[in-house]
Amino acid sequence: MFFVEDVMISEELRDARFGCKLNICKGGCCVEGDGGAPLEPEEAKWIKDNIEILRTHLNDEKSRARVENIGPTYVEDGVEHVTILPKNGACVFLLEESKGFRQCLFEKLYLEGRTEFQKPISCHLFPLLFRQTKYHKLLSFQRRNICTSAWNNGGHILKTLEPALKRKFGDDFVRELFENIENDAI
């Protein structure tokens, strides 16, 4: 581990390479998992404040029903998360597109210029994981089978995810992070 500001960084991030292969996984990272994406408090508020608009764009009846009956988020261990569907694990805001592809509703509306909310930062950072506890902050990553073809392909994971890192931590943090690992061929 090494530190940038007050964040512990996994040593493995010095060398990790990652290049998302959406044409292979078709958005499967938003389906797999044992829980929904953790939300920042302001993200949860934005989702709740805009749920009527979001619900009109959901193209899956199960997702609409889940949002209406349970709500768009749930709280687990004091952290609010985006709601997932119980049977297939998919995020309720994951749209089924043509040929088995899936697309994030938040990102779709953002790219169309219809909203300023890109998507939850935990999703934007994936496969990087940021955890904050009472005692420390940690940036690491998670290898999932759905992303097997993406690992060791593409650029350095931190460079690939630079926009998400800047969104979460700011330009100064990212600059210091890159300076800290510059000798590792980022």
Side-chain angles (χ1 to χ4, degrees), residues 18-68 70-74 79-85 88-131 139 141-151 153-171 173-174:
F18 186 83
C20 183
K21 305 286 186 194
L22 191 58
N23 60 325
I24 295 173
C25 76
K26 299 180 180 181
C29 58
C30 301
V31 176
E32 282 192 357
D34 55 1
L39 298 170
E40 301 284 333
E42 62 275 4
E43 293 173 334
K45 181 181 180 335
W46 187 92
I47 291 169
K48 289 174 184 174
D49 289 350
N50 291 279
I51 193 59
E52 292 306 318
I53 295 165
L54 295 169
R55 189 171 43 212
T56 64
H57 294 283
L58 294 175
N59 64 5
D60 178 74
E61 189 56 43
K62 290 180 194 173
S63 293
R64 275 196 298 275
R66 179 111 171 139
V67 166
E68 288 173 14
I70 297 173
T73 66
Y74 68 96
V79 177
E80 202 150 7
H81 297 265
V82 170
T83 301
I84 56 170
L85 293 176
N88 69 5
C91 172
V92 294
F93 297 106
L94 188 63
L95 303 174
E96 290 290 330
E97 299 288 323
S98 65
K99 299 180 183 176
F101 279 86
R102 300 171 189 98
Q103 183 179 20
C104 172
L105 174 60
F106 302 123
E107 192 162 38
K108 178 181 185 336
L109 295 176
Y110 175 80
L111 293 173
E112 291 173 353
R114 298 165 87 186
T115 181
E116 295 165 7
F117 180 65
Q118 188 169 0
K119 59 181 160 184
I121 190 65
S122 62
C123 300
H124 199 184
L125 284 168
F126 187 80
L128 295 178
L129 299 176
F130 175 73
R131 292 185 205 117
L139 184 65
F141 65 89
Q142 179 181 51
R143 288 185 188 262
R144 284 196 181 166
N145 289 339
I146 194 75
C147 299
T148 299
S149 64
W151 288 103
N153 291 304
H156 192 282
I157 191 170
L158 297 175
K159 198 67 175 160
T160 301
L161 294 169
E162 184 176 357
L165 288 164
K166 285 183 175 182
R167 182 176 158 213
K168 174 67 180 167
F169 299 106
D171 291 340
F173 177 94
V174 172

(request) State whether E80 and K45 are salt-bridged, where the test is any N-O pair (Lys NZ or Arg NE/NH1/NH2 against Asp/Glu carboxylate O) under 4.0 Å. (result)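 No, no charged N to carboxylate O under 4.0 Å.
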
(message) Quick test of your reading of the model: are E43 and R167 salt-bridged, counting only N-O distances below 4.0 Å?
(response)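 Salt bridge flag = yes for R167 with E43.
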
Using atom types as modelled and distance alone, determine if a side-chain donor or acceptor of [X] lies under 3.5 Å from a backbone N or O of [Y].
X	Y	value
N59	E96	yes
S63	L94	no
R55	E68	no

(request) Give me the ring orientation class for W46 and F106: parallel if the planes are under 30° apart, tilted from 30 to 60°, perpendicular past 60°. (result)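 The arrangement is perpendicular - the two ring planes meet at more than 60°.
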
(message) Is the ring pair F169/F130 parallel, tilted or perpendicular, if the boundaries are 30 and 60 degrees?
(response)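 If you compare the ring of F169 with that of F130, the planes turn out perpendicular.
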
(request) Report the distance from atom OG of S149 to atom CG of L22, rounding to the nearest 0.5 Å. (result)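 Answer for the OG-CG pair, S149 versus L22, is 10.5 Å.
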
(request) Indicate the atoms forming the closest heavy-atom contact of P38 with P120, along with that distance. (result)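 P38 and P120 have their closest heavy atoms at O-CB, 4.5 Å.
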
(message) To check you understand the geometry: which heavy-atom pair defines the closest contact between P72 and I47, and what is its length?
(response)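 Smallest heavy-atom distance, with atoms named: CB-CG2, 3.7 Å.
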
(message) Just checking N145: does its CG atom have more than 12 heavy atoms from other residues, nucleotides or ligands closer to it than 6.0 angstrom?
(response)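 Atom CG in N145 is not packed in, count stays at 12 or less.
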
(request) For a salt bridge (Lys or Arg N to Asp or Glu O under 4.0 Å) with E107, tell me which candidate from K119, R102, R114 qualifies. (result)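 Exactly one pass, corresponding to K119.
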
